[in-house]
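Some notes on the structure that comes next.
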Amino acid sequence: MARTSRWHLLFFLLPVVLWLFLLIVLPHIDLLVMSLRIENDDGNTIWSLANYRNFFNEPIYWRTFARTAVYSIIVTLITFVIALPVAFYITKVVAPRRRGFLMLLLLLPFWVSELVRVYGWMILLRESGVINHLLLRMGILDRPVEMLYNDATMIMGLVYTSMLFMVVPLVSVLESLDDSLIEAAYDLGANMWTVLFKIIIPHALPGIVSGAIVVFMLTLGNYLTPNLLGGKNSLWFTEQIYNQFIASFNWNQGSAFGFLLLLLSSLIIWAGLKLTRQNLSQVAR
Amino acid sequence: MARTSRWHLLFFLLPVVLWLFLLIVLPHIDLLVMSLRIENDDGNTIWSLANYRNFFNEPIYWRTFARTAVYSIIVTLITFVIALPVAFYITKVVAPRRRGFLMLLLLLPFWVSELVRVYGWMILLRESGVINHLLLRMGILDRPVEMLYNDATMIMGLVYTSMLFMVVPLVSVLESLDDSLIEAAYDLGANMWTVLFKIIIPHALPGIVSGAIVVFMLTLGNYLTPNLLGGKNSLWFTEQIYNQFIASFNWNQGSAFGFLLLLLSSLIIWAGLKLTRQNLSQVAR
Amino acid sequence: MQIDLSVQDATKRFGTFTAVDAVSFEVETGRFFSILGPSGCGKTTLLRMIAGFEAPTAGRIVIGGADMAGIPPNRRPANLIFQHLALFPMMTVAENIAFGLKRRRESKAAIQDKVAAILDRVGLPGFGNKKIDQLSGGQKQRIAIARCLVLDPAVLLLDEPLGALDLKLREQMKVELKTLQSQVGTTFVYITHDQSEALVMSDFVAVMNRGRFEQVDAPMTLYRHPRTPFVARFVGESNAWTGEVADRDETTATLVVADGRRFRSRAPESLSIGDRAELFVRPEALILQPDPENDRLNRFTVTVRTILFDGANSRLLARWSGGDEDVTIALPQNRQFDHIRAGDEVEAGWDPASGILFPLEA
Amino acid sequence: MQIDLSVQDATKRFGTFTAVDAVSFEVETGRFFSILGPSGCGKTTLLRMIAGFEAPTAGRIVIGGADMAGIPPNRRPANLIFQHLALFPMMTVAENIAFGLKRRRESKAAIQDKVAAILDRVGLPGFGNKKIDQLSGGQKQRIAIARCLVLDPAVLLLDEPLGALDLKLREQMKVELKTLQSQVGTTFVYITHDQSEALVMSDFVAVMNRGRFEQVDAPMTLYRHPRTPFVARFVGESNAWTGEVADRDETTATLVVADGRRFRSRAPESLSIGDRAELFVRPEALILQPDPENDRLNRFTVTVRTILFDGANSRLLARWSGGDEDVTIALPQNRQFDHIRAGDEVEAGWDPASGILFPLEA
């Protein structure tokens, strides 16, 4: 207490907190207000639930919405399954001096803009791309196959982009796991799976949930990757929002979609937390 | 050593490493190859440096390129200056049980898609938006001011998006700073600024550099925020790349731009590491 | 003699918890003063108040004659050696030592001379260019002390600095620290939970418990004449019995303990017949096979349960014949009882003058 | 008697560094066997090889008659108590203890009975539903032991489990652990760097240095008849002098040390006139004001530098008159030398039979 006042830190923090508040709370209130208004036939804006009604009446809207939610969950699960052994390897198996190099590998996706990276994949995977060329040469394929614009490619791209956000919390939570707990379990007769499910996962749960939240959010809200890699039938809900704002210039409808996305993500995360019996402050720590 | 073989972890990791390799190295080689080829008048693709020549001959290209670099550095600096006191406050001042709540605040930007967030700001800041409305009411303004489509708004948006990526490495590096080092310096006669520059910053340097790299990369490669918040004169280099691929359908020119962006970011990060006398593996650890 | 540190009714409350409860004491110039207590007794909070890291809720702290109220740590003439030393790992040994001098804006030449002089004094000449992580535990210890001593503080505060060291090194540093202190003549205030550290090094020891000083005395007095049951229990080993006073004369009383056994012991005047009391007897006050002529002794027969051999510090764990309470008896260093084995019956006794008797609070 | 653990020429190399160098020993059923050595001597590596966490580079480890080569830790009849205990914080006390039993797929009822029985045995009945972080340091200790004992291992391995405890609690746990071991009768292999722990608790102590066993003996033999200079120095305090053998008879030799002083001491037969040798004398072997009649003693006069008062374990730090070497002399527990002050001259002496003499390697 004495220290707080001595360092006068609140003095620094007040503007920061205020600034965050302005950037978070105000825009969302405004978004909510916008979504509840429509332009009537006279050109005046009036209060209405029409924007939300549109969402439920038009199957393409809510189907895309559901698709986006399910695929985001799938991406989160795949990312977790890949990230856990990677994080375990980095923290517990590899010599500490080589740890830096491995973490660096995980930073690589940030080395290059998401946009450029996606184009790189597109060049690689398109009908006239290198992969098709190689497969034809080796006689595995008779004629080129379109590997872009399908769900598998999109999911792969999303998982790749999300890896770091899952590995970092897992690494930090596994670092706090005393090696001797694993050894003790092993010494007491446990096999690898028992150690994984009884010791490692219970200990890592806060990190798992925190990583899953971030990955889920980022995937749900991603625009570029699904837009560029996904096919005609792989519409992502962010594209619907983008279309409303830019293509249709219907800001009220776009706001309603934005707000629905916010509600969806909050709901799924709430369900996830209930399921794993975690609470948010535990997770963030 | 005995443990490694016992856990058979390489068995898990081999596909992961292979997969990362395929996703990183192959696309970039392909990108480089693409960028060195053009379509000649006969419709055949030939080797040429024309794509790179275009970049240097057309001022709009390399000016946007330089602007993007300078602004990304500015965003990184601003983010650092804001994030350091926040991270210090979270690790050293606040009671541990409230730490979770504060880290949660920092996770908030991920709660909602970047797209929706940016639209929220647009609604707030546009000429007919709430801020203008309030300022007019309070008599501070005579007539609405366009607060969108300028550099300040864009930078604010980019800094907000980047905060978490700077705060998390700073928090982890400040957590490893023994409180008693700060107290010892204070006890030996140092004031707040000496403690900051002689103890805290030297200790936090690896975290600062690691945060700065990620923030710089993400900002440099961002597409949505500069595209939507920036004005006509605030063109971001990713937009140039997007235009080449989508609008002009000139994939070769787009690849050249993508490769130039990769070179630029590598160069600036190399310079930054030299300047702070850090090396990458230290930073990533 | 001059008083370097004077603490008057210092109190520190955290919410409803009183960590330090109206503690007062004075330390004369050049003394080695220890505060000894179990973890959580408030000794660290007291030390941090003296250093200036905590503001007292009430009371005064005076260092070198000046009231320290409101003066921050960086302007107090007191320096603190932290438990884990808190040497700056990003600086060399010389930069560490020069840190405080630079803050005082002394000249480069003066700083260089002072650093070299203090390195000589702590027995590490020429170590200036070493990195902190090149030093051994004992060397780090000495550099941490040098870094504070070079500032010539009125009082040097030490927060269990030996706790992190290996056993053998700790024994050696105890002697070294005491020697260093007597050479430089700086006033030391040392806190520890290790009674042996406090006894060996200090001129005076304050025993602290639950935020209060139970007793402040020279080590020998503390050990031989503890003033409270807590001190008797905490400082040195003891056998303890509870019973009722059956009889007393001017200086001694007879105590009847649980199983009817009677002991005569030196007793404080406040103790009257019928009072309940607690009796402490040190293991080394129990004499094996005492001189049969001496009829002043309390005598009894015990069965040896086990021999706790520990070189010069060996003890017997024995049991009253028929009872179920353990008695610890020190084995004399002259090996005259090497023949004793577990299961043997031996006679033991103790002089009433070596008993320590306290009235038991009801 | 049955051999529970037999280690034959166990060797462990990490690259070019040999952590454990051809160590052999056997432990009989029900013994408390300690391995004592400074940090880095290889004792932890040795223990981890027995537990199965490290594979020996060469040599055999046999537990309960079965060769352990290639058998992983989860199928060895040996359990390890870790230095920081490694209790599972996500489980209750009962779940911790039941962990190993569940892995053996024992029935729920059997598990419940065994958990209750072992909690009784370690003196914590009814603690099953507590969380680990609700336990005190000593209670955690006992739960960690219970968690292993419930599996009824042939050998229980302990890796300095008292290191993390407070001083007072450590003293108490030493006695408790020894008592528990003799009650349950399980074979204990205990490693520590604290000589007092090893001496007090063990039936046999192996002193380890640089990957090798220097001596394996009962505690008393180890202390009184160390077989190497390392053991003499590491086990207990010693005064040490180096000199040349000037003369010898069948059992004793005369050593001339640096300043010309001559000492007679019991000597090994291998030592000849003219050899350089190192002499160790325990502080408690130095007698203050020895009986003037006894002409066998080595005698000298010293000046008291300081009194290291530490209750029953007090010592004098003294200096040869005219010399600059410190001599440590134990003060007898009977307080007969309370009158001695720093600066006094006192006569001291020691019996040649209590000297320990080693030939010095050239």
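When reading the values below, keep in mind they use all heavy atoms of this one structure, side chains included, and skip hydrogens, waters and symmetry mates. Letters go in sequence order (proteins before strands), and every chain restarts at 1.
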Name the region of [X], side chain, backbone, both or neither, that has any atom closer than 4.5 Å to a heavy atom of chain C.
X      : value
D:R170 : side chain
D:L222 : neither
D:S354 : neither
D:S202 : neither

Between D:S238 and D:R282, do the side chains contain an N or O donor and an N or O acceptor separated by less than 3.5 Å?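 A donor-acceptor contact under 3.5 Å links the two side chains.
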Are side-chain N/O atoms of C:Y190 and C:Q181 paired as donor and acceptor at under 3.5 Å?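 Side-chain D/A pair, C:Y190 to C:Q181: absent.
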Side chain / backbone / both / neither for [X] at chain D, heavy atoms under 4.5 Å:
X      : value
C:L169 : neither
C:T179 : side chain
C:D338 : side chain
C:L317 : side chain

Checking C:I145 against C:L177 for the side chain to side chain contact (heavy atoms under 4.5 Å, CB included) test, could you report, in this order, the C-alpha distance in whole Å, the side-chain angles of both residues, the deciding distance, and whether it holds? CA-CA 9 Å; C:I145 293 167; C:L177 206 56; 3.2 Å; yes
Quickly, which of D:L316, D:V304, D:V302 forms a side-chain contact (heavy atoms from CB on, under 4.5 Å) with D:L288? Name it, please.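 Of all the options given, the one that passes is D:L316.
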D:L162 pairs by side-chain contact (heavy atoms from CB on, under 4.5 Å) with which of D:Q172, D:Q83, D:M173?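 Of D:Q172, D:Q83, D:M173, side-chain contact (heavy atoms from CB on, under 4.5 Å) with D:L162 is met by D:M173 alone.
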Select, from D:I307, D:I287, D:V200, the one with the greatest count of heavy-atom pairs under 4.5 Å involving chain C.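 Answer, by heavy-atom pair count under 4.5 Å with chain C: D:V200.
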Which one of D:K178, D:E284, D:R224 has the most heavy-atom pairs closer than 4.5 Å to chain C?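 Most heavy-atom pairs under 4.5 Å with chain C: D:R224.
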Take the angle between the ring planes of D:H339 and D:F337 and call it parallel below 30°, perpendicular above 60°, tilted in between.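 D:H339 vs D:F337 ring planes: tilted.
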In terms of the angle between their ring planes, are D:Y223 and C:F309 parallel, tilted or perpendicular, with boundaries placed at 30° and 60°?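 Judged by the thresholds at 30° and 60°, the geometry between D:Y223 and C:F309 is perpendicular.
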If you count heavy-atom pairs under 4.5 Å between each of C:T306, C:L199, C:V235 and chain D, which one has the most?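 Heavy-atom pairs under 4.5 Å are most numerous for C:L199.
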Residue selection (most heavy-atom pairs with chain D, distance under 4.5 Å) from C:G236, C:P283, C:S196, C:S39: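 Greatest number of close heavy-atom pairs with chain D: C:S196.
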Below 4.0 angstrom, N of the basic side chain to O of the carboxylate: do D:E171 and D:K168 qualify?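 No.
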